[in-house]
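To start, the structure under review is shown below, and the notes come after it.
All heavy atoms count here, side chains included; hydrogens, waters and symmetry mates do not. None of these values were measured; they are calculated from a predicted model.
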Amino acid sequence: MGVLEPAVKERVSKIKNNRSSDTVMEFMMYAVAVLFLIILIYPLYFIVIASFSDPSSVAGGKVWLFPKGFTLDGYQELLRHKNIWIGYRNTILYTVVGTAIGLVVNISAAYALSRKDLAGRQMISLFFIFTMFFNGGLIPTFLTIRDFHMYDTFLVMVLPFSVGVYNIIVARTFFQTSIPGDLWEAAQIDGCGNLRYFLQVVLPLSKAIIAVLGLWIAVGYWNSYFNALIYLKNPNMYPLQLILRNILITNQMQSGMGSGEAAQIALRLASMMRYSVIIVATVPIMCVYPFVQKYFNQGVMIGAVKE
């Protein structure tokens, strides 16, 4: 026993040292994580407090942690435009319908490409990937949309650009790595066809990828304004982003064309609305995140190598 006691004490001492070093390392990792969190969150927080602050205080660098010269003039001036509510209505419609169409198209294509028994699967995949590097350009796309009679219609915002090759590749990888091939064999024995297997077996097991792609597609439709700028001419069909852009441009032009006190007031309102526009445009889509966070966390490792 006397010989073993020093060895035991040495072993215990090593365990304690390892625990203390692990504690230090864990503390450093948490500190770095908190630092990165602050770096990412503070710009968003600054936009919020700047939207409630006096523009002169923001321009003078006086706004750091709390609003200075609290005011709601930016929001009042922004919401005074009736087109805002038209834009909200249109954007919500475009986002909901476009996301539904995008999920149907991309998930279906990805599942088909994940099946090894699909004839010409590799060649079809190459055709999809080719479009990621080369496209026809803006003018041929415009002429195609016009010839299909979709110009200045609801469909032009939700149908022509519903296919996302990157989304298809991500979903295909998910199906290949997360859906066992044995399920299809078992389903065939039970007399299950391709469509029934896809709807009743594959989709219920694919909630993570559906949530991830749905969020990506919805954010893309919500933030989109270029397609509306090119393919829409009716102001009553403009999405929120395009209406907000027009409001900002109009206010900046008014502040630049005026003189004296009127120009100063217009410039002040334009400065306040700059931050208010960001809040009005981003808060609704951010409210969707809590509902898909659970599935989004599951889909973070989509495409990773699995043993």
Ring-plane angle category for Y111 and Y197, please: parallel below 30°, perpendicular beyond 60°, tilted otherwise. tilted

Rounded to the nearest 0.5 angstrom, the CD1-OG1 distance for I230 and T141 is 10.5 Å

Measure the shortest side-chain to side-chain distance between I179 and L205 over non-hydrogen atoms and say whether it is less than 4.5 angstrom. yes

Under 3.5 Å, is there a donor-acceptor pair linking the side chains of T99 and Y221? no

How long is the span from the CG atom in D152 to the OH atom in Y231, to the nearest 0.5 Å? 13.0 Å

Report whether L40 and L35 are members of the same hydrophobic cluster (ILVMFWY, side-chain heavy atoms less than 4.5 Å apart, transitive linking). no

Please find the pair of heavy atoms, one from L159 and one from S162, that lie closest to each other, and give the distance. O-OG, 2.9 Å

Starting from V105, can I reach F127 by hopping between I/L/V/M/F/W/Y residues whose side chains sit under 4.5 Å apart? no

With a 4.5 Å cut-off on side-chain heavy atoms, are W216 and Y166 touching? yes

Given R115 and R121, is the side-chain contact (heavy atoms from CB on, under 4.5 Å) satisfied, shown in steps? CA-CA 8 Å; R115 292 285 299 271; R121 181 167 65 104; 5.6 Å; no

Should Y42 and Y45 count as side-chain neighbours, where that means a heavy-atom distance under 4.5 Å? yes

Heavy-atom neighbours of I39 CD1 exceed 12 at 6.0 Å: yes

Grab the two heavy atoms, one from F128 and one from I168, that are nearest each other, plus how far apart they are. CE2-CD1, 3.8 Å

Y238 vs I86, test: side-chain contact (heavy atoms from CB on, under 4.5 Å). Steps then yes/no. CA-CA 8 Å; Y238 284 174; I86 297 176; over 6 Å; no

State, yes or no, whether a side-chain contact exists between S224 and Q241 at a heavy-atom distance under 4.5 Å. no

Is there a path from F36 to F46 through hydrophobic residues (I, L, V, M, F, W, Y) whose side chains come within less than 4.5 Å of each other? no

Closest non-hydrogen contact found for G164 with N106 is N-OD1, 2.9 Å

List the atom of Y151, the atom of R146, and the distance in Å for their closest heavy-atom pair. CB-CA, 4.3 Å

One should read off an interatomic distance between L195 CG and Q200 CD, to the nearest 0.5 angstrom, of 9.0 Å

Nearest 0.5 Å, what's the CE-CE distance between M157 and M237? 8.5 Å

Heavy-atom side-chain contact between N135 and T131 under 4.5 Å: no

How long is the straight-line distance from OG of S114 back to CZ of F175, given to the nearest 0.5 Å? 6.0 Å

Could you tell me whether the side chain of F198 reaches within less than 4.5 Å of the side chain of L203, counting heavy atoms only? yes

4.5 Å side-chain heavy-atom contact, T153 and V156: yes

I'd like to check F154 versus Y94 (side-chain heavy atoms, cut-off strictly below 4.5 Å). Are they in contact? yes

Would you check if the distance from the ring center of F52 to the ring center of F70 is below 6.0 Å? yes

Report whether I278 and Y75 are members of the same hydrophobic cluster (ILVMFWY, side-chain heavy atoms less than 4.5 Å apart, transitive linking). yes

Quick one: OG on S276 to CD1 on I47, what's the gap to the nearest 0.5 Å? 11.0 Å

Count the heavy atoms belonging to other residues, nucleotides or ligands that lie under 6.0 Å from CZ of F148, then report whether that count exceeds 12. no

Indicate the atoms forming the closest heavy-atom contact of W222 with A281, along with that distance. NE1-O, 2.5 Å

Indicate if Y275 and I49 have the same hydrophobic cluster label, given that clusters are the connected sets of ILVMFWY residues with side-chain heavy-atom separations under 4.5 angstrom. yes

Heavy atoms of other groups near R89 CZ, more than 12 under 6.0 Å: yes

Can you check side-chain contact (heavy atoms from CB on, under 4.5 Å) on L240 and Y225, steps first, answer last? CA-CA 8 Å; L240 177 65; Y225 78 92; over 6 Å; no

For L213 and A171 the tightest heavy-atom approach is CD1-CB, 3.8 Å

